[in-house]
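As the structure is a computational prediction, the values presented were derived from the model and not from experiment. All ligand and atom numbering here is 1-based and tracks the order in the structure. Positions are given from 1 along the sequence.
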Amino acid sequence: MSSIIEAYRRRTPGSARLAEQAGRLLPSGVTHDSWHLTPYPPFIDRAEGSRKWDVDGNEYVDYSGGHGALLLGHGHPAVVKAVVEQMPRGTHPGTCHPLQVRWAELVTKLIPSAEKVRFTASGTEATMMAVRLARAHTGRPKLLRFRGHFHGWNDHMAFSVSSNFDGTPTPGVLPELTEQVVLVDPGDVAGLREALAKRDVAAAIIEPTGASWGQVPVSPDFLAALREATAATGTILIFDEVISGFRCSPGGAQAAIGITPDMTTLAKILAGGLPGGAVCGRRDILDGLEFASEANPGKWKVPHNGTFNANPLSAAAGIAALSIVGETDACRRAIDYAARLRDEIERVLRDVKSPWVVYGTYSGFHLFLNPERQPVTRADIESCGCDYRLFKAVPRATNHKLRVGMLAEGVELFSWPGGPTSAVHTEDDLRRTCDALRRTILAMRDEGDVA
Ligand code: PMP
């Protein structure tokens with residue numbers, strides 16, 4: 001057996017037992033595709049700050065960061081206090097409550113495009129509602145998406161993300177529905193203009209920092225061309241800021257880049273580490289949800305329900321988190337840590353003469369595992385000079401071995417591989433991460449996994 005896998009198995013007997021049980025109860029033993037890991041993922045018992053501990057007591061530097069939700073780290077005292085105080089006051093009043101007003105106030109204060117807000121229970125629900133509102137507003141049928149960009153798992157979004165780039169449906173999605181989705185390559189301004197010229201596209205949606213939190217970076221020039229082309233054709237521009245919102249800056253990517261979309265979808269940091277999402281944007285578009293719109297002849301409002309929309313626990317956590325984001329340098333700290341981490345990882349890769357490339361923007365990092373040993377540099381990637389398919393074709397076996405090797409060294413990478421960083425990662429985390437990566441690469445080389 002591989003010594004990397006053996007070391008991991010030796011440290012994690014409790015996770016192995018739970019994984020075996022989980023395999024009998026849950027498809028692939030997981031509840032999110034990104035948690036799938038060979039031989040098995042770690043089962044986490046508790047977390048605090050930038051660290052977490054598995055059921056066997058092993059400590060990890062955490063780069064899952066609650067899938068990007070935990071800009072403030074695990075268990076920030078102000079967030080915990082807000083949730084604990086709310087819990088005995090009720091988890092579901094079943095009608096309006098003051099926290100949803102304060103929460104919406106913070107969103108409209110921080111996010112430039114947000115004139116009005118509708119809360120949902122997840123980011124997937126937010127993008128689903130954004131598309132529906134855009135269709136209702138424009139009367140047009142189609143949605144424009146960029147290949148490789150992730151917007152949740154609803155039917156309109158569940159293909160051409162990491163496979164099916166030709167627009168064919170993934171299993172369970174109707175082909176009739178995919179015909180209503182126009183796909184454009186990221187960075188293709190001519191293709192974008194041509195697709196919008198027919199004026200049958202209700203909305204264009206994009207991750208403004210590039211596919212999968214910048215795994216495939218997008219240039220501000222392309223965003224500017226997109227803003228211009230959508231405005232010129234009456235197409236609604238949706239920035240999907242589920243990850244980038246309250247992360248690139250307190251006002252998200254749109255405030256950092258200086259381009260304001262018509263609508264924005266939010267989740268993750270929005271709800272302070274609890275479940276929650278929102279669609280926000282121009283008042284006239286969000287007014288599609290207004291009961292008053294029924295007064296117009298032949299009109300019916302866009303229906304929207306959802307048992308846990310703006311639930312008070314998520315609202316309490318969200319208010320605490322957004323207050324900190326708005327009033328402190330939390331975004332800046334996470335961004336600075338990521339910049340130092342990328343530089344230090346680059347040094348490790350150079351030292352061990354690895355063909356891998358580290359890159360990223362804002363508070364995140366990605367590792368390009370470069371299976372074909374292409375002469376690609378960090379500057380090439382960050383200047384958006386590469387085809388999206390290069391980064392989307394992550395070699396699974398190498399990626400899993402890397403992540404298992406890092407786990408055995410006390411560091412948990414997110415599945416891209418890479419991760420979002422937080423405002424509470426420390427110099428010690430940085431050193432541990434780089435030492436773990438150096439040792440893992442050398443062990444993988446010994447086992448013939450990488451050059
Ligand atoms: N959009 C983006 C950009 C995301 O990163 C995600 C989740 N990773 C979603 C939408 C879906 O959000 P959720 O998982 O809350 O449904």
Side-chain angles (χ1 to χ4, degrees), residues 30-36 63-71 107 111 113 118-132 134 143-162 170 181 186 203-218 223 237-248 252-254 256-257 261 263-281 306-311 314 317-318 321 360-364 366 388 391-392 413-421:
V30 296
T31 314
H32 190 295
D33 279 357
S34 74
W35 301 349
H36 172 59
Y63 291 110
S64 292
H67 290 207
L70 299 172
L71 177 75
V107 173
I111 302 291
S113 65
R118 172 54 67 107
F119 290 107
T120 62
S122 69
T124 295
E125 291 183 17
T127 61
M128 195 163 80
M129 176 49 81
V131 172
R132 191 173 295 169
L143 168 68
L144 186 145
R145 277 179 38 211
F146 296 97
R147 291 189 178 86
H149 284 229
F150 182 68
H151 304 294
W153 53 275
N154 57 73
D155 284 2
H156 282 83
M157 315 295 185
F159 56 96
S160 200
V161 176
S162 49
T170 47
V181 178
I205 188 166
I206 188 164
E207 286 187 72
T209 51
S212 299
W213 180 225
Q215 184 182 45
V216 188
V218 71
L223 291 176
L237 176 59
I238 306 166
F239 274 8
D240 181 358
E241 296 229 41
V242 163
I243 296 193
S244 59
F246 314 109
R247 178 172 279 282
C248 295
Q254 55 197 270
I257 299 164
M263 269 201 281
T264 303
T265 49
L266 299 164
K268 301 196 194 270
I269 297 170
L270 169 78
L274 267 66
V279 53
C280 56
T307 303
F308 287 105
N309 296 347
N311 76 84
S314 298
T361 52
Y362 300 104
S363 46
H366 293 269
Y388 69 97
F391 309 108
K392 286 285 166 175
L413 296 178
F414 193 56
S415 61
W416 294 318
T421 59

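Side chain to side chain, E207 and S244 fail the donor-acceptor criterion of an N or O pair below 3.5 Å. The closest side-chain donor-acceptor pair between T124 and N154, if any, does not fall under 3.5 angstrom.
Annotation: ring-ring contact (aromatic ring centres under 6.0 Å, His included) contacts of Y63 (sequence neighbours excluded): F365, H425. For R147, the salt bridge (charged side-chain N to carboxylate O under 4.0 Å, His left out) partners are D185, not counting sequence neighbours. Evaluation of the ring-ring contact (aromatic ring centres under 6.0 Å, His included) rule for F146 yields H149, F222 as partners, not counting sequence neighbours.
Protein residues having a heavy atom under 4.0 Å from any atom of ligand 1 are S122, G123, T124, F150, H151, G152, E207, D240, V242, I243, K268, listed by chain and number.
Aromatic pair H156/H151: ring centres not closer than 6.0 Å.
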